[in-house]
Chemist: 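Below is a structure I'd like to ask you about.
For ligands, and for the atoms within them, numbers begin at 1 and follow the listed sequence.
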Amino acid sequence: MELQEKLDAFQQYIDAEEKIEPKDWMPDEYRRHCIRQISQHAHSEVIGMQPEGNWITRAPTLRAKKILLAKIQDEGGHGLYLYSAAETLGISRDEMIRQLHEGKAKYSSVFNYPTLNWADIGAIGWLVDGAAVTNQLSLRRTSYGPYSRAMLRICNEESFHQRQGYEIMTKMANGTPEQRRMAQDALDRWWWPALMMFGPHDNNSPRTYNGIVWKIKRAGNDELRQRFIDKTVPQAEFLGLKIPDPQLQWNEATGHYETGEINWDEFHRVISGDGPCNRQRMEHHKRVHEEGAWVREAAEAFARRRKAENLTEAIA
Ligand code: BYC
């Protein structure tokens, strides 16, 4: 088939809502787009373990500590599903990690903000996981099969994470005046970074066009951000907390909340490496990756030995 015929057939297949699988023919640009988005998504899950990990030893109760440990472990698992999905496109895990360490691959801007008090753990679950799941629910229908299947599993766990965060916020917001102040302070600091997670406005988002045509993305950044705002504002009201946006108002005609403008200078600063914790997050990841080299070597040696043993058994 001529290249144009292949491209047309590929697009028709996608338009018919079929999934693209690893061995199917795909345009190089589609492959690169998926590798970029899925690997960045995987890095976000793994780097996202750091701000929460900061509070494992200081969780206020054993119950809270157990829940937080389980949640952080889930995020590591999400990273593994996603790295595996990206590997089916022909990139190795080592290469993805190298791109992250060299600053060629991004991870979500939101994980470059510090967790200063226990209410931040509530705010991350409520707002960060809440924003993530809003995006990820739509990504369950992404056109790349392994990515879509990873999303199904991740979404189930992520909606649970959102609820554990909201539970912490509920306790803090209904606690002592000091706890209530901490809850409001956490909302003040995490609201805008959570909105930034959805990326630039659609008219400023260079990846959206191809992402939508190829159905890798199933909705634009602004639509998903709006969905998140519309469901989260009433949740803040229920807690008796105030969204830190003087321009926030309900528009009866559109049936949506309107917000003030995101600080895009801050967004661009953070995604280009100059946020409050970028250096700390990368240094930590590099150090732990180096320190964990022996675990990877041991696992590989074990796998080689098992393979050799199985081979010997098969021959015998
Ligand atoms: N942060 O054209 P655009 C979690 C980049 S973790 C950093 O709109 P696209 C959790 C973008 O990559 C789940 N970079 O791009 C874990 C692009 O740069 P490149 C996180 C951002 O791809 C632990 C450029 O800006 N979720 O749940 O169409 C604890 C132009 O943007 C950001 C995902 O990763 C950002 N916020 O849309 C708790 C979702 N926004 O690549 C929770 C998967 C934009 O050209 N990813 N950029 O150098 C996506 O859905 C899409 O990639 C995005 C961006 C919506 C993020």
Chemist: At a 4.0 Å threshold, what atoms of ligand 1 neighbour a non-hydrogen atom of Tyr107?
Modeler: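 What qualifies from ligand 1 is 1 (N), 7 (C).
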Chemist: Is there a heavy atom in Tyr147 that sits closer than 4.0 Å to ligand 1?
Modeler: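 Heavy atoms of Tyr147 do come under 4.0 Å of ligand 1.
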Chemist: Could you list which atoms of ligand 1 come closer than 4.0 Å to a heavy atom of Ile271?
Modeler: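 This gives 1 (N), 7 (C), 14 (N), 25 (O) as the contact atoms.
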Chemist: Around atom 17 (C) of ligand 1, find the nearest protein heavy atom and jot down its residue, atom name and distance.
Modeler: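 Protein heavy atom with the smallest distance to atom 17 (C) of ligand 1: Arg36 NH1, 4.1 Å.
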Chemist: Just to check, does Gln136 reach to within less than 4.0 Å of ligand 1 when the distance is taken from its heavy atoms?
Modeler: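 It does, in that a heavy atom of Gln136 comes within the 4.0 Å cut-off of ligand 1.
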Chemist: What's the shortest distance from atom 40 (N) of ligand 1 to any protein heavy atom, and which residue and atom give it?
Modeler: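 Nearest neighbour among protein heavy atoms for atom 40 (N) of ligand 1, to 0.1 Å: Gly199 CA, 3.2 Å.
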Chemist: Set out, in order, the CA-CA distance, both residues' side-chain angles and the distance that settles side chain to side chain donor-acceptor pair (under 3.5 Å) for Asn221 and His201, then state yes or no.
Modeler: CA-CA 6 Å; Asn221 299 353; His201 288 308; over 6 Å; no
Chemist: Examine Lys71 against ligand 1 and note whether any of their N/O atoms are separated by less than 3.5 Å.
Modeler: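 So ligand 1 has no N or O lying under 3.5 Å from an N or O of Lys71.
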Chemist: Report the C-alpha distance between Gln162 and Glu158 in whole Å, list the side-chain angles of each, state the deciding distance to 0.1 Å, and finish with yes or no for side chain to side chain donor-acceptor pair (under 3.5 Å).
Modeler: CA-CA 6 Å; Gln162 195 269 351; Glu158 217 76 276; over 6 Å; no
Chemist: Polar contacts were defined as any N/O atom of the residue lying under 3.5 Å from an N/O atom of the ligand; does this apply to Pro206 and ligand 1?
Modeler: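 Indeed, backbone or side chain, Pro206 has an N or O that close.
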Chemist: Quick one: which ligand 1 atoms are inside 4.0 Å of a heavy atom on Asp129?
Modeler: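 Those atoms are 38 (C), 42 (C).
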Chemist: Given 3.5 Å as the limit, does a donor-acceptor pair link the side chain of Tyr147 with the main chain of Arg140, or not?
Modeler: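 No: the side chain of Tyr147 does not pair with the backbone of Arg140.
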Chemist: Checking the N or O distance criterion of under 3.5 Å, is ligand 1 in contact with Met196?
Modeler: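 Yes.
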Chemist: side-chain contact (heavy atoms from CB on, under 4.5 Å) between Thr142 and Lys215: does it pass, once the steps are laid out?
Modeler: CA-CA 6 Å; Thr142 185; Lys215 298 190 194 288; over 6 Å; no
Chemist: Assess the side chains of Thr88 and Tyr144: does a donor N or O sit below 3.5 Å from an acceptor N or O?
Modeler: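 Present: a donor and an acceptor within the cut-off.
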Chemist: Considering non-hydrogen atoms only, spot the tightest contact between Gln164 and Ile67 and give its length.
Modeler: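 What the structure gives for the nearest pair is OE1-CG2, 4.0 Å.
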Chemist: Lys217 vs Ser138, test: side chain to side chain donor-acceptor pair (under 3.5 Å). Steps then yes/no.
Modeler: CA-CA 8 Å; Lys217 277 168 92 157; Ser138 88; over 6 Å; no
Chemist: Report yes if Gln40 has an N/O atom closer than 3.5 Å to an N/O atom of ligand 1; otherwise report no.
Modeler: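 The answer is yes, given that Gln40 and ligand 1 share an N or O pair closer than 3.5 Å.
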Chemist: Could you tell me which atoms of ligand 1, counted from 1 in the order shown, lie closer than 4.0 angstrom to a heavy atom of Phe198?
Modeler: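 So the atoms of ligand 1 that pass are 55 (C).
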Chemist: How close does the nearest protein non-hydrogen atom get to atom 48 (O) of ligand 1, and which residue and atom is it?
Modeler: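 Looking at atom 48 (O) of ligand 1, the protein heavy atom closest to it is Lys106 NZ, 2.5 Å.
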Chemist: Among Leu224, Ile229, Asp230, find the residue that satisfies the side-chain contact (heavy atoms from CB on, under 4.5 Å) test when tested with Arg227.
Modeler: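 For Arg227, the side-chain contact (heavy atoms from CB on, under 4.5 Å) test succeeds with only one of Leu224, Ile229, Asp230, which is Leu224.
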Chemist: Please list the nearest protein heavy atom to atom 43 (C) of ligand 1 with its residue and the distance rounded to 0.1 Å.
Modeler: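 For atom 43 (C) of ligand 1, the nearest protein heavy atom is His41 ND1, 3.4 Å.
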Chemist: Would Met169 end up clustered with Phe160 when hydrophobic side chains under 4.5 Å apart are linked, directly or stepwise?
Modeler: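 No; Phe160 is not reachable from Met169 via cluster members.
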Chemist: With clusters defined by side-chain heavy atoms of hydrophobic residues (ILVMFWY) lying less than 4.5 Å apart, directly or transitively, does Ile124 cluster with Ile168?
Modeler: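 As far as the 4.5 Å side-chain criterion goes, Ile124 and Ile168 are not connected within one cluster.
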Chemist: In this structure, would Ile212 and Tyr30 fall into the same cluster of hydrophobic residues linked by side-chain contacts under 4.5 Å?
Modeler: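 Each belongs to a different hydrophobic cluster.
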Chemist: Is a salt bridge present between Arg149 and Glu21, judged by a nitrogen-to-oxygen distance below 4.0 Å?
Modeler: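 Result for this pair is yes, salt bridge flagged.
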Chemist: With heavy atoms under 4.0 Å as the rule, classify the contact between Asn221 and ligand 1 as side chain, backbone, both or neither.
Modeler: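 The answer is the side chain.
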Chemist: According to a 4.5 Å side-chain heavy-atom criterion applied to Ile, Leu, Val, Met, Phe, Trp and Tyr, with indirect links allowed, do Leu139 and Val128 form part of one hydrophobic cluster?
Modeler: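 In one cluster: no.
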Chemist: In the protein, what heavy atom is nearest to atom 56 (C) of ligand 1, and what distance, to one decimal place, separates them?
Modeler: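 Answer for atom 56 (C) of ligand 1: Met197 O, 4.0 Å.
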Chemist: May I ask you to identify the nearest protein heavy atom to atom 20 (C) of ligand 1, giving residue, atom name and distance to one decimal place in Å?
Modeler: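 Of the protein heavy atoms, Ser44 CB, 3.8 Å lies nearest.
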Chemist: We want to know whether Glu261 and Trp264 form a side-chain donor-acceptor pair, criterion being a heavy-atom distance below 3.5 angstrom.
Modeler: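 Judged by distance alone, the side chains do pair up.
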Chemist: Under 4.0 Å between a Lys/Arg side-chain N and an Asp/Glu carboxylate O for Asp74 and Lys71?
Modeler: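 Result for this pair is no, no salt bridge flagged.
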Chemist: Starting from atom 37 (O) of ligand 1, what is the nearest protein heavy atom, named by residue and atom, and what distance separates them?
Modeler: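 Among all protein heavy atoms, the one nearest atom 37 (O) of ligand 1 is Lys217 NZ, 3.1 Å.
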Chemist: Does only the side chain of Phe111 get under 4.0 Å from ligand 1, or the backbone, or both, or neither? Count heavy atoms.
Modeler: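 Side chain only; the backbone of Phe111 stays clear of ligand 1.
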Chemist: Based purely on interatomic distance, does Ser205 place a nitrogen or oxygen under 3.5 Å from a nitrogen or oxygen of ligand 1?
Modeler: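 N/O-N/O distance under 3.5 Å: yes.
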Chemist: Any nitrogen or oxygen of Arg207, main chain or side chain, under 3.5 Å from a nitrogen or oxygen of ligand 1?
Modeler: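 The answer is yes, given that Arg207 and ligand 1 share an N or O pair closer than 3.5 Å.
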Chemist: Does at least one non-hydrogen atom of Glu158 fall below 4.0 angstrom from an atom of ligand 1?
Modeler: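 Glu158 counts as a contact of ligand 1 under the 4.0 Å cut-off.
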Chemist: Return a yes/no value: protein heavy atom under 4.0 Å from atom 53 (C) of ligand 1?
Modeler: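 No, no protein heavy atom sits under 4.0 Å from atom 53 (C) of ligand 1.
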Chemist: Using a strict 4.0 Å cut-off to heavy atoms of Gly48, name the atoms of ligand 1 that fall inside it.
Modeler: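 So the atoms of ligand 1 that pass are 23 (C), 29 (C).
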Chemist: Pro200 heavy atoms, cut-off 4.0 Å: which ligand 1 atoms fall inside?
Modeler: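 Listed by number with element: 8 (O), 31 (O), 44 (C).
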Chemist: Gln50 vs Asn54, test: side chain to side chain donor-acceptor pair (under 3.5 Å). Steps then yes/no.
Modeler: CA-CA 6 Å; Gln50 291 188 36; Asn54 186 30; over 6 Å; no
Chemist: Identify the closest protein heavy atom to atom 39 (C) of ligand 1: which residue and atom is it, and at what distance?
Modeler: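 So the nearest neighbour among protein heavy atoms is Asn135 ND2, 3.4 Å.
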Chemist: For Glu52, take its heavy atoms, then give the atoms of ligand 1 lying under 4.0 Å from any of them.
Modeler: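 Matching atoms, with element in brackets: 29 (C).
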Chemist: Does the protein place any heavy atom closer than 4.0 Å to atom 24 (C) of ligand 1?
Modeler: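 Protein heavy atom within 4.0 Å of atom 24 (C) of ligand 1: absent.
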